[in-house]
Protein chains: 2
Amino acid sequence: MGSNPRPGRRRATIRDVAQAAGVSIATVSRVLNGRPDVAADTRERVLSAVRDLGFSTNRSARSLVGGRTFLVGITLPLVEAEYFARILGGATDELYDHDLQVVLATTLHLRDRANTLLARLTSGVTDGALLVLPEESREMLQQLAAPGYPFVVIDPLEPLAEGVPSVSATNALGGRAATEHLLALGHRRIGIITGVPDWLASVERLNGYRTALASAGVPFEPALVVESDWAVEGGEAAAAALLELPDPPTAIFAFNDNMAIGAARAAHARGLHVPVDLSVVGFDDSEQAATTAPTLTTVRQPLADMGRMGASLLLRLLDNRPADAMRIELQTRLIVRDSTAAPARHFTALS
Amino acid sequence: MGSNPRPGRRRATIRDVAQAAGVSIATVSRVLNGRPDVAADTRERVLSAVRDLGFSTNRSARSLVGGRTFLVGITLPLVEAEYFARILGGATDELYDHDLQVVLATTLHLRDRANTLLARLTSGVTDGALLVLPEESREMLQQLAAPGYPFVVIDPLEPLAEGVPSVSATNALGGRAATEHLLALGHRRIGIITGVPDWLASVERLNGYRTALASAGVPFEPALVVESDWAVEGGEAAAAALLELPDPPTAIFAFNDNMAIGAARAAHARGLHVPVDLSVVGFDDSEQAATTAPTLTTVRQPLADMGRMGASLLLRLLDNRPADAMRIELQTRLIVRDSTAAPARHFTALS
DNA sequence: CTGTTAGCGCATTCAC
DNA sequence: GTGAATGCGCTAACAG
């Protein structure tokens, strides 16, 4: 029949397949969608036509009629940071298993860009979205939710409005565990280097720190709290400031591993030995934590799992399965390595 | 007029806008697409209706009729590695500027998964793709290109078939520059730790190394070449092996920064000082390279630019603008830091 | 079990 | 300048 359709020309459509198989397009659609009500031999004929023509269903058409795109968006500040990359990896992985594709959107911490991106994502490109550390205000997020656009927040930047599904880590417990570890070793002056201070995770870790101090009867001292920016250099500077104190801390708890590494470096620069002269604890359990010298005691965050969990929450939303638990906190865990030890000498106050 | 359409129900369509503005859908479409042939006041009326209804065009519909999805795929092994993340970040950025969205696909180095992903991407979801370090065979890639699916390879794993557009770095020159730097310092026994040996980048860096040696009249010695796996631990083990040699090298050139850091660690473990007793050079210029102690001399790869360039090449393809240069190599550059110095002592062979 | 028909939301001729 | 009509490729009733 000379049925060889000009090879490599226009993409084959369902109609071409129907014609080649000698059936109607409805039948083709049925076998394509795995409907059971098709005769075995008909199915075979269709399938072979599909192969011959190298046909695959046009997703735009399917989306238009079905109302679903099989695409979900993920917005996050940037992909270059291990922290976000691990969340992204976990989410992507989970989504892949459910035949969903990921539309990536990086906000670069730019409010405008975040808004643009969100607008693009919601204009029918995606069925729903994962928002990692979204800088959008609560109002904006609620506005998003109003028209019924399904989304899940991972690692909220600020407290979320009621009813917004989210996934985060037990930051308060993590902060508490780190502090208790240091207290148990005998430390009493514990400096902390917080991350960007108005981020929810920072607030909670700080709460954990204060809780632990209170339980141990150690007074909270504001001078021992320094703010920084999550970066190695920032941590180094912050630690330097702490070590300049008249009565410096014997231990430093940094709110992420980068800053902890910076703290260790600051100690090193002043001839102090970690952990002998200064104990250091980080947060995250980044790749470097296990390989830096000395290896870092830190609070592990299940970042990939947070991504995966966020994805599966979103999947439930998309299926209209009510997600029983809409606000999920994944466990953090203290990982003790070589950067912490009992305080060697007791710095007596100069006063 | 009580024109408030049931708030928050069904998404508004172009028809709703037309009705609200008292015009036809054709006119709405015109203003939506910025056509000039619309009266100013008509345009205003339409625009305000668009705002009132919170309308945004349905991308699936637009794609169906227009044949373009405004989505491009990016496949890469994984996002957690800084190397890939930086390429991804650059590409995403460039694409954002051109109003294209990115569909992310991670292969995890799994051949099957890569094929599945590619099939999904090409079935009308995306207009084209960026393939980072694709493990698909040359045949498969050509098969991809045949139906006219536009794609660009970034950092090819193996030599590409003629006509396949690609972006990579000047790996050979980089390998040569690193080696020449060490030779200039006076090193004559230069060990190298290669990455996965059948990757094109490894092969070329090795070529660069050999070229430099040859130019300097230093004989190539196979015993000084060790293969590894791009990881810190792998580099450490490889370096240990080199340092065990009867006549060990006075310098080591590792094919990425991770392995270089491992090499430095191996030296440290045997009481050798970097760079006094052993010089170390890496490749990539990762974040750690600048912060590790001692800071690492390395060959910088413009990873983000590679992503950006790949994206803009793809953009040209999508616009049917013939890309003049279809095979692009971006410059690498030697960054000299603290891990290299002239050899202090000459290890005399034990034999 | 299979074919016919009617849209999904939009861009695009072509008239007016 | 603007409107009416057509179809993109596909799924989902509805008949038979």
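Naming: A, B, ... by sequence-line order, numbering from 1 per chain.
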Mind checking if [X] touches a base, just sugar-phosphate, or nothing, with heavy atoms under 4.0 Å?
{"X": "Val28(B)", "result": "nothing"}
{"X": "Asp37(B)", "result": "base"}
{"X": "Thr42(A)", "result": "sugar-phosphate"}
{"X": "Ser60(A)", "result": "nothing"}

Under 3.5 Å side-chain donor-acceptor pair for Tyr149(B) and Thr126(B):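 Thr126(B) and Tyr149(B) do have a side-chain donor-acceptor pair below 3.5 Å.
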Separation of [X] atom [atom1] from [N] atom [atom2], in whole Å?
{"X": "Phe55(B)", "N": "dG9(C)", "atom1": "CZ", "atom2": "P", "value": "10 Å"}
{"X": "Arg45(A)", "N": "dC1(C)", "atom1": "CZ", "atom2": "P", "value": "14 Å"}
{"X": "Ile14(A)", "N": "dT4(C)", "atom1": "CD1", "atom2": "P", "value": "14 Å"}
{"X": "Asn58(A)", "N": "dG9(D)", "atom1": "CG", "atom2": "C1'", "value": "6 Å"}
{"X": "Arg11(A)", "N": "dG9(D)", "atom1": "CZ", "atom2": "C1'", "value": "10 Å"}
{"X": "Arg43(A)", "N": "dC1(C)", "atom1": "CZ", "atom2": "C1'", "value": "11 Å"}
{"X": "Arg15(B)", "N": "dC8(C)", "atom1": "CZ", "atom2": "P", "value": "6 Å"}
{"X": "Asp16(A)", "N": "dC8(D)", "atom1": "CG", "atom2": "C1'", "value": "13 Å"}

Would you mind telling me which of [options] lies closest to the side-chain atoms of [X]?
{"X": "Ala61(B)", "options": "dC10(C), dG3(D), dG1(D)", "result": "dC10(C)"}
{"X": "Ala39(A)", "options": "dC10(C), dT2(C), dT11(D)", "result": "dT2(C)"}
{"X": "Leu64(B)", "options": "dG9(C), dG3(D), dC10(D)", "result": "dG9(C)"}

Over 12 foreign heavy atoms within 6.0 Å of CD, Glu135(A):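 Atom CD in Glu135(A) is crowded, with more than 12 foreign heavy atoms closer than 6.0 Å.
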Heavy atoms from other residues, nucleotides or ligands near CD of Glu329(B) exceed 12 (cutoff 6.0 Å):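 Yes, the 6.0 Å shell around CD holds more than 12 heavy atoms from other groups.
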Ser63(B) side chain vs Arg59(B) backbone, donor-acceptor pair below 3.5 Å: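 Confirmed, Ser63(B) side chain pairs with Arg59(B) backbone.
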Arg45(B) side chain vs Ala21(B) backbone, donor-acceptor pair below 3.5 Å: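 Confirmed, Arg45(B) side chain pairs with Ala21(B) backbone.
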Flag side-chain contact, heavy atom, 4.5 Å: Leu133(B) against Phe84(B):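 Yes, side chains in contact.
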Spatial distance of atom OG (Ser60(B)) from atom CG (Leu71(A)) [nearest 0.5 Å]: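 So the gap between those two atoms works out to 8.5 Å.
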N/O (side chain, Arg62(A)) to phosphate O (OP1/OP2, dT11(D)) under 4.0 Å: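 The answer is yes; a side-chain N or O of Arg62(A) sits under 4.0 Å from OP1 or OP2.
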dG9(D) phosphate, OP1 or OP2, under 4.0 Å from Thr13(A) side-chain N/O: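 Result: no.
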Helical bend (five base pairs per end, nearest 10°) for the helix from dC1(C)-dG16(D) to dC16(C)-dG1(D):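 The end axes of the helix from dC1(C)-dG16(D) to dC16(C)-dG1(D) are about 40° apart, to the nearest 10°.
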Each nucleotide N or O in nucleotides 12-16 of chain C that has a protein N or O under 3.5 Å away: list the pair and distance.
{"from": "dT12(C)", "atom 1": "OP2", "to": "Arg35(B)", "atom 2": "NH1", "distance (Å)": "3.4"}
{"from": "dT12(C)", "atom 1": "OP2", "to": "Arg35(B)", "atom 2": "NH2", "distance (Å)": "3.2"}

Can you tell whether the side chains of [X] and [Y] come within less than 4.0 Å, N to carboxylate O?
{"X": "Asp93(A)", "Y": "Arg113(B)", "value": "yes"}
{"X": "Arg11(B)", "Y": "Asp16(B)", "value": "no"}
{"X": "Asp319(B)", "Y": "Arg321(B)", "value": "yes"}

